[in-house]
Number of protein chains: 2
Amino acid sequence: MKRTLENISYEEKTEALARFAKALAHPTRVAILEHLGSQSCCFTGDLVDVFPIAQSTISQHLKELKNAGLIQGELQPPKIKYCINMNNWQAAKALFADFFDK
Amino acid sequence: MKRTLENISYEEKTEALARFAKALAHPTRVAILEHLGSQSCCFTGDLVDVFPIAQSTISQHLKELKNAGLIQGELQPPKIKYCINMNNWQAAKALFADFFDK
DNA sequence: TTCCTTTATCGCAAATAAACGATTAGTCTG
DNA sequence: CAGACTAATCGTTTATTTGCGATAAAGGAA
């Protein structure tokens with residue numbers, strides 16, 4: 001990849017939408033968010049119990065969701081409580097709504 | 001990947017959302033859809049002119065969008081006219097709207 | 001049929017993503 | 001400080017994605 005000299009650049013909205021979409025591009029991450037939505041918050045350990053995948057894998061998915069800005073973690077020793085980042089969640093919601101309104 | 005014995009299965013809605021999201025997970029594909037939305041339809045060749053990427057690359061992106069069901073091609077010799085698949089577009093729209101309404 | 005135009009596919013290379021087990025890093029409690 | 005517990009990171013393997021040029025299809029026109 002990246003074999004072209006110049007990188008194409010798109011509108012910031014386009015890039016942002018693609019970034020959010022990428023975060024949602026894996027069913028496990030969607031499921032995590034759904035779970036998070038219904039509980040409003042939860043701990044990593046809860047997810048490990050819910051989903052039959054390794055703890056490290058879940059941690060990675062959480063990391064990506066965090067990087068995308070869709071969730072945020074709050075230290076609550078000895079656990080970490082993850083919640084949806086409502087600001088960015090609303091931003092994403094608006095982006096998608098806008099996008100599909102064509 | 002896929003090193004676990006059993007494949008986890010998710011709700012169909014979850015999978016569907018992830019599939020659509022995957023299709024939107026690349027800025028070029030988002031841009032193609034935006035372009036398609038503003039024109040309602042267009043030809044592959046148009047896109048090659050608009051985006052500074054190889055024709056084969058665009059063809060691949062179109063293929064993925066087609067596989068995801070977001071667009072459809074109509075033979076209009078010697079070209080192919082691509083349009084948004086409104087049925088699936090609306091379905092995707094509803095899925096995302098639902099998802100973000102948490 | 002042969003040529004021309006358009007688009008899809010093939011084959012390859014490089015980059016990312018996905019998953020796991022093992023280890024490390026934090027943060028209390030005793 | 002030592003131990004216990006939770007979650008993140010590391011290192012590896014495998015799969016998927018992205019991109020390109022080159023080639024093949026497909027269709028209509030000459």
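Quick caveat: nothing in here was measured; it's all calculated off a predicted structure. Worth knowing before you read on, the calculation uses all heavy atoms, side chains too, and leaves out hydrogens, waters and symmetry mates.
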Roughly, in whole Å, what's the span from CG in B/L75 to C1' in C/dT6? 10 Å
Taking N or O atoms only and anything under 3.5 Å, show me the protein contacts with nucleotides 7-10 of chain C, one pair per line.
from, atom 1, to, atom 2, distance (Å)
C/dT7, OP1, B/I80, N, 3.3
C/dT7, OP2, B/G45, N, 3.1
C/dA8, OP1, B/Y82, OH, 2.1
C/dA8, OP2, B/S59, OG, 2.8
C/dA8, N7, B/Q55, NE2, 2.9
C/dA8, N6, B/Q55, OE1, 3.1

Integer-rounded Å distance: D/dT6 P and A/Q76 CD: 14 Å
Rounded to whole Å, CG of B/L65 lies from C1' of D/dT17 at a distance of 14 Å
Find out if a path of hydrophobic residues (ILVMFWY) with successive side-chain heavy-atom gaps under 4.5 Å connects A/I53 to A/I32. yes
What is the separation between atom CZ on B/R29 and atom C1' on D/dG19, rounded to the nearest whole Å? 12 Å
Could you tell me the separation between the CZ atom of A/F51 and the C1' atom of C/dA19, rounded to a whole number of Å? 16 Å
For B/F96 and A/F96, take the angle between the two ring planes, folded into 0 to 90°, and tell me which bin it lands in: parallel under 30, tilted 30 to 60, perpendicular over 60. parallel
How would you list, by chain and number, every residue that makes a side-chain contact (heavy atoms from CB on, under 4.5 Å) with B/K93, sequence neighbours excluded? A/F100, A/D101, B/Q90
Using a cut-off of less than 4.0 Å, is there contact between a side-chain N or O of B/K22 and OP1 or OP2 of D/dT17? yes
Whole Å only: how far is the CG atom of A/L47 from the C1' atom of D/dA7? 12 Å
Between D/dA7 atom C1' and A/I53 atom CD1, what is the distance in whole Å? 15 Å
Could you go through the side-chain contact (heavy atoms from CB on, under 4.5 Å) check for A/T28 and A/T57 one step at a time? CA-CA 10 Å; A/T28 295; A/T57 305; over 6 Å; no
Residue pairs passing the disulfide bond (SG atoms under 2.5 Å apart) test with at least one member in residues 67-102 of chain A, sequence neighbours excluded, are A/C41-A/C83
Does B/H61 have a side-chain nitrogen or oxygen under 4.0 Å from the phosphate oxygens OP1 or OP2 of D/dT17? no
Distance, rounded to the nearest Å, where A/N67 contributes CG and C/dA17 contributes P: 11 Å
Quick test of your reading of the model: are B/R19 and B/E12 salt-bridged, counting only N-O distances below 4.0 Å? yes
